[in-house]
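So that the names make sense, note that chain A is the first sequence line, chain B the second, and so on, each numbered from 1.
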Protein chains: 2
Amino acid sequence: MPKRVILVYTAGMRASDTAYTALQEDILEGRLAPGTVLGEVGQSERLGVSRTPIREAFSRLIAAGLAVQHPGRGTVVSDISLEDVDRLFEVRIPLETQAAGLAAQRGTPEVFTALAEEFRQAKLAPEAESHYKLAARMDEAIDTSVGNPYLSTMLANLRVHLIRVRRLAKDQPERLAESAAEHRDICLGIASGDSQMAEAATSLHLRRSLAYISELRQAEPVPSP
Amino acid sequence: MPKRVILVYTAGMRASDTAYTALQEDILEGRLAPGTVLGEVGQSERLGVSRTPIREAFSRLIAAGLAVQHPGRGTVVSDISLEDVDRLFEVRIPLETQAAGLAAQRGTPEVFTALAEEFRQAKLAPEAESHYKLAARMDEAIDTSVGNPYLSTMLANLRVHLIRVRRLAKDQPERLAESAAEHRDICLGIASGDSQMAEAATSLHLRRSLAYISELRQAEPVPSP
DNA sequence: ACATCTAGTCTTGTATACACAGACTGCACG
DNA sequence: CGTGCAGTCTGTGTATACAAGACTAGATGT
């Protein structure tokens with residue numbers, strides 16, 4: 001007897017996709033804290049699907065680095081802390097710098113002048129949610145301008161982890177305003193077609209972001225688990 | 001009628017792992033050409049395991065970029081050509097340059113002086129197989145020296161694709177000797193602890209490799225599929 | 001008291017059965 | 001001869017049953 005048919009099959013949406021999306025959100029939003037053990041049966045009951053799609057979702061989580069597989073203890077949500085920020089930026093800085101430089105060579109300037117204008121306005125009224133939305137749109141514009149799937153994939157993988165550390169380091173309004181100004185500089189550099197300017201602006205922005213987080217970390221030592 | 005390959009179940013080796021390894025090798029070695037459709041049932045029969053591990057293997061292939069999922073036609077081996085080399089190097093150059101620079105700061109010099117000596121000897125008798133083995137050992141040494149899992153993961157993903165393009169561009173002995181010399185320079189730069197020297201040597205090596213492949217591509221136009 | 005062996009109970013790994021969706025084929029009709 | 005449609009059919013998505021491995025806890029022997 002079918003015990004429960006919670007999910008009517010949404011059009012074109014596989015159960016494994018919905019499970020992965022739900023799990024990823026739960027991890028990124030912190031509802032599933034690092035160290036949480038994810039049992040296949042437990043999650044299958046929680047999400048109302050069978051173990052098979054859950055397994056698929058777990059595989060993708062592990063591939064994305066959001067979970068790790070423990071030998072006999074199941075898969076657990078991967079740990080992350082402000083310590084990881086240094087290692088993440090060691091990858092992020094060269095990749096995004098490269099992306100900005102290539103976007104300057106290949107992008108259509110109008111797109112980025114428009115984005116620069118948006119950042120100018122955003123600087124006046126800093127607000128975290130809209131700021132990150134706008135930054136994401138800039139990243140997307142850079143991605144499409146560069147037109148390199150390998151680079152885009154790497155950056156996408158990276159951004160997942162950056163979202164997690166962002167939760168740990170709450171931005172303050174003045175930093176958001178600074179960040180908006182730096183984003184504007186990047187857009188202007190790309191729009192001008194000067195790849196070196198775009199690279200410099202990107203490098204500057206990321207190093208300032210890193211410095212901000214670093215001093216935040218020094219000021220507020222890690223809360224012991 | 002396709003041959004049925006009996007997989008040897010190594011101790012502690014899951015069937016999904018062996019299936020993935022077999023499929024990856026088949027793709028990397030060219031036995032499964034780009035465009036080949038991979039049916040779950042077909043591969044499960046060929047490899048002698050059930051569909052479930054095959055599905056898992058397919059997921060990992062797709063995540064690695066070795067296969068893509070077509071809407072109604074199943075999953076097919078992803079296409080790759082010498083055209084991809086430019087896009088790959090747009091990611092590879094900044095990442096490996098960064099890695100070399102960090103290795104110079106953090107690695108133990110003795111490891112890399114030893115590797116440099118090996119490259120010096122390899123330069124005298126260029127041979128593709130041993131050259132790539134040695135280069136792989138250098139990459140591994142850099143990875144461990146840097147100690148950045150995010151960077152290591154990205155480079156590992158990248159190298160899978162580089163193996164595929166390497167098959168398309170057959171190296172010639174003189175290029176191997178050059179390459180060995182350039183690898184030696186990288187090792188010496190890292191061993192000296194001079195990150196800028198290591199970065200410069202890496203950048204030079206990769207740009208020369210790219211130039212070599214590019215002129216190879218011009219000389220020998222793509223065979224139309 | 002401590003170590004070790006063993007039974008039990010989780011957990012994951014694998015196989016298979018069933019359901020559904022898309023694509024191909026054959027035929028009829030314009 | 002082309003086009004549309006229906007039937008079939010293959011192939012994936014999902015569920016579940018079965019098997020095997022691993023940690024745990026308890027008992028037992030030293």
**Student:** Identify which nucleotide among C:dT12, C:dA15, D:dT12 has an atom closest to any side-chain atom of B:S50, counting heavy atoms from C-beta outward.
**Tutor:**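 Of the options given, the side chain of B:S50 lies nearest C:dA15.
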**Student:** Do the side chain of B:S81 and the main chain of B:E83 share a donor and acceptor less than 3.5 angstrom apart?
**Tutor:**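 Indeed, once roles are kept as given, a pair shorter than 3.5 Å links the two residues.
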**Student:** Rounded to whole angstrom units, what separation is found between the CD atom of B:E45 and the P atom of D:dG11?
**Tutor:**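 In whole Å, D:dG11 P and B:E45 CD are 9 Å from each other.
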**Student:** Mind calculating the distance between CZ (B:R60) and P (C:dG13) to the nearest angstrom?
**Tutor:**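 Answer to the nearest Å: 11 Å.
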**Student:** Indicate, yes or no, whether a donor-acceptor pair under 3.5 Å links the base of D:dG11 to the side chain of B:R51.
**Tutor:**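 Per atom types, no contact qualifies.
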**Student:** Check this one for me: any side-chain N or O of B:S16 less than 4.0 Å away from OP1 or OP2 of C:dG13?
**Tutor:**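 Result: no.
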**Student:** Decide whether a cation-pi geometry holds between B:R92 and B:F89; the criteria are a distance under 6.0 Å from NZ or CZ to the six-membered ring centre and an angle within 45° of the ring axis.
**Tutor:** yes
**Student:** As a test of reading the structure: which of D:dT12, D:dA15, C:dT14 is closest to the side chain of B:V41, going by heavy atoms?
**Tutor:**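 Nearest nucleotide to the side chain: D:dT12.
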**Student:** For A:F58 and C:dT11, give me the distance from atom CZ to atom C1', rounded to whole Å.
**Tutor:** 12 Å
**Student:** What is the distance, rounded to the nearest whole Å, between atom CD of A:E40 and atom C1' of D:dA17?
**Tutor:** 15 Å
**Student:** Without swapping roles, check the side chain of B:T97 against the backbone of B:I93 for a donor-acceptor pair under 3.5 Å.
**Tutor:** yes
**Student:** Base, sugar-phosphate, or nothing for A:L38, non-hydrogen atoms under 4.0 angstrom?
**Tutor:**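 Sugar-phosphate contact only.
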**Student:** Output the rounded distance in Å from CD (A:Q43) to C1' (C:dT11).
**Tutor:**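 The distance from CD of A:Q43 to C1' of C:dT11 comes to 14 Å, rounded to the nearest Å.
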**Student:** I need the CZ-C1' distance between B:R55 and D:dA15, as an integer number of Å.
**Tutor:**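 Rounded to the whole Å, the gap is 12 Å.
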**Student:** Rounded to whole Å, please give me the gap between CD in A:E56 and C1' in D:dT14.
**Tutor:** 11 Å
**Student:** So, does the side chain of A:T52 form a donor-acceptor pair with the base of D:dT16 at under 3.5 Å?
**Tutor:** yes
**Student:** If I take atom CD1 from residue A:I163 and atom CD from residue A:E29, how far apart are they, to the nearest 0.5 angstrom?
**Tutor:**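 With rounding to 0.5 Å, CD1 (A:I163) is 8.5 Å from CD (A:E29).
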**Student:** Return the orientation label for the A:H183 and A:F119 ring planes: parallel under 30°, perpendicular over 60°, tilted otherwise.
**Tutor:** parallel
**Student:** Tell me the interatomic distance from B:D17, atom CG, to C:dG13, atom P, rounded to whole angstroms.
**Tutor:** 9 Å
**Student:** Side-chain N or O of B:Q69 versus OP1/OP2 of D:dG11: is the shortest distance under 4.0 Å?
**Tutor:** no
